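Keep in mind that this is a model prediction, so the values were computed, not measured. Letters A, B, ... mirror the listed sequences (proteins, then strands); counts begin at 1.
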Number of protein chains: 2
Amino acid sequence: MRDRLLEAADRLFYAEGTRAVGIDRVLAEAEAAKASLYSHFGCKDELVAAYVQHRIALARSSIEAFVAPIPPGERALRIFDWVVAWVESPDFMGCPLQRVVGEVVDAGHPARVLAADQRDWLRARFTEWVKAAGLANAQQLATALLVLFDGAVIASVQDGSRRARDARWAAGELLKAAAGGRAETRAPKLRKPKQ
Amino acid sequence: MRDRLLEAADRLFYAEGTRAVGIDRVLAEAEAAKASLYSHFGCKDELVAAYVQHRIALARSSIEAFVAPIPPGERALRIFDWVVAWVESPDFMGCPLQRVVGEVVDAGHPARVLAADQRDWLRARFTEWVKAAGLANAQQLATALLVLFDGAVIASVQDGSRRARDARWAAGELLKAAAGGRAETRAPKLRKPKQ
DNA sequence: GGTTAAACAGACAGTTCTGTCTATTCGTGT
DNA sequence: ACACGAATAGACAGAACTGTCTGTTTAACC
């Protein structure tokens with residue numbers, strides 16, 4: 001039951017925005033009664049938070065599954081292939097977290113607290129991937145790629161998936177510059193003209 | 001009168017979102033009567049469109065004024081200083097256009113049509129600046145910087161202005177790579193081993 | 001001074017929204 | 001058979017929203 005409500009909310013909230021969709025629409029979509037919703041979630045804000053939580057869980061497992069078979073050193077670049085695939089999926093409507101943050105002004109809102117967490121998680125992943133590539137200046141490079149990631153998603157909303165490809169290209173250039181320009185931190189090896 | 005209404009709408013819409021702010025709030029803020037608003041704007045959607053139009057006009061003139069004294073060849077990078085200053089301004093709440101696009105699902109909404117125009121304008125500026133720097137692969141570089149620009153703004157909403165600085169750094173690296181890696185387009189004329 | 005356009009205050013209709021509450025039904029385990 | 005937890009339908013309150021309309025006031029112009 002909770003799942004049915006959450007999935008209905010997920011579809012509607014993502015397609016139209018949390019503010020544009022009322023409780024009644026969610027109930028109709030889930031074919032559920034109002035009391036069920038309020039007994040499970042307490043109030044709409046908590047339903048929104050549950051929606052965000054759900055999206056976060058999906059994103060994390062999707063990303064983890066995507067990078068798993070990729071050699072750690074290539075993940076920082078290849079994650080942009082994941083972005084391209086995402087923005088090209090048929091009902092892509094932007095990043096649900098970016099949209100919630102835009103709609104909900106209060107940074108203390110439960111949904112925004114979750115979004116902030118996810119943000120930390122994503123930055124940690126980029127840091128990890130960049131370090132795995134054995135590049136110097138890892139922190140700087142990781143946050144630069146994070147910004148590129150954000151830009152790829154938001155720009156694709158208006159401009160289509162070509163922006164995600166542009167971001168991938170830029171990420172490649174940055175990584176190339178970091179690898180070629182200066183020495184790598186670990187292992188002597190010689191610099192591999194990656195991608 | 002129209003201006004007073006528009007400025008009130010601008011303040012409230014930008015601070016809280018166009019959907020969160022009702023007509024009555026705008027009227028109270030402008031100390032105006034309802035009839036005034038509806039005779040000037042017709043309906044709320046048109047007020048939202050006027051708000052977007054206003055923000056676009058501000059952005060264009062602000063950007064133009066900012067780059068005017070900067071040598072054309074440096075503008076593609078220095079525009080990121082403008083972004084840093086913007087996201088550090090005290091009541092920065094993200095990009096008003098990105099937020100409206102997130103709120104308004106219908107791409108045919110008057111406000112979204114205006115936003116799409118502004119998008120073209122901005123991309124054209126980046127192309128112009130990159131070309132002025134005399135770099136090869138201008139289109140690719142321009143759209144990459146555009147994505148970086150978008151990412152700088154959206155990422156700064158959650159992470160603060162350091163992301164705008166990260167974007168500036170990344171832009172510098174990309175421009176350096178484009179300038180150093182291969183020949184510049186003008187003058188020398190030797191064959192460029194592209195990509 | 002009289003005309004006219006614009007702004008004013010605010011009532012009003014009609015809808016939508018969140019959240020509460022009552023009363024009923026269903027299914028399961030004992 | 002029975003009890004109990006969970007879901008159901010839906011009325012209801014109270015607020016907020018958009019948009020319309022009426023009647024009044026203000027101010028500029030001839």
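A32(B) comes within 4.0 angstrom of sugar-phosphate atoms only, judged by non-hydrogen atoms across all strands, and of no base. At a threshold of 4.0 angstrom between heavy atoms, the contacts of R19(A) with the nucleic acid are absent. Residue contacts for R25(A): at a heavy-atom cut-off of 4.0 Å it reaches no nucleic acid atom on any strand shown.
Taking atom CD1 on I23(B) and atom P on dT18(D), their separation rounds to 5 Å, with Å as the unit. Rounded to an integer number of Å, the gap from L47(B) CG to dC17(D) P is 14 Å. The CG-P distance, from D3(A) to dA7(D), rounds to 11 Å in whole Å. Regarding Y38(A), its OH atom lies at a distance of 14 Å from the C1' atom of dC12(D), rounded to whole Å. Taking atom CG on L5(A) and atom C1' on dA6(D), their separation rounds to 13 Å, with Å as the unit. With rounding to whole Å, L37(A) atom CG is found 16 Å from dA6(D) atom P. Counting to the nearest Å, the C1' atom of dT8(D) and the CG atom of L27(A) are 11 Å from each other. One can place CD of E31(B) at 13 Å from P of dG10(C), the figure rounded to the nearest angstrom.
Looking only at atom types and distance, the side chain of R60(B) has a donor-acceptor partner in the side chain of Q118(B) under 3.5 Å away. For the residue pair W82(A)/S62(A), the side-chain donor-acceptor check at 3.5 Å is satisfied.
A close approach under 4.0 Å does occur between a side-chain nitrogen or oxygen of R4(B) and OP1 or OP2 of dC8(C). For dA6(C), neither phosphate oxygen OP1 nor OP2 lies less than 4.0 angstrom from any side-chain nitrogen or oxygen of S39(B). Proximity of S36(A) to the phosphate of dT8(D): a side-chain N or O atom is located under 4.0 Å from OP1 or OP2. One finds a side-chain N or O of H40(B) lying less than 4.0 angstrom from the OP1 or OP2 phosphate oxygen of dA7(C).
Side chains of L145(A) and R125(A) form no contact here, defined as non-hydrogen atoms less than 4.5 Å apart.
Of all nucleotides listed (dG19(C), dT18(D), dT8(D)), dT18(D) comes nearest to the side chain of D24(B). Picking from dT8(D), dG19(D), dC8(C) the nucleotide with the shortest atom distance to the side chain of M1(A) gives dT8(D). Picking from dT18(D), dG19(C), dC8(C) the nucleotide with the shortest atom distance to the side chain of K44(B) gives dT18(D).
A donor and an acceptor atom never sit less than 3.5 Å apart when one is taken from the side chain of K34(B) and the other from the base of dG10(C).
More than 12 heavy atoms of other residues, nucleotides or ligands shown are found within 6.0 angstrom of CD on E64(B).
Heavy atoms only, all atoms of each residue included: A15(A) and V105(B) are closest at O-CG2, 3.2 Å.
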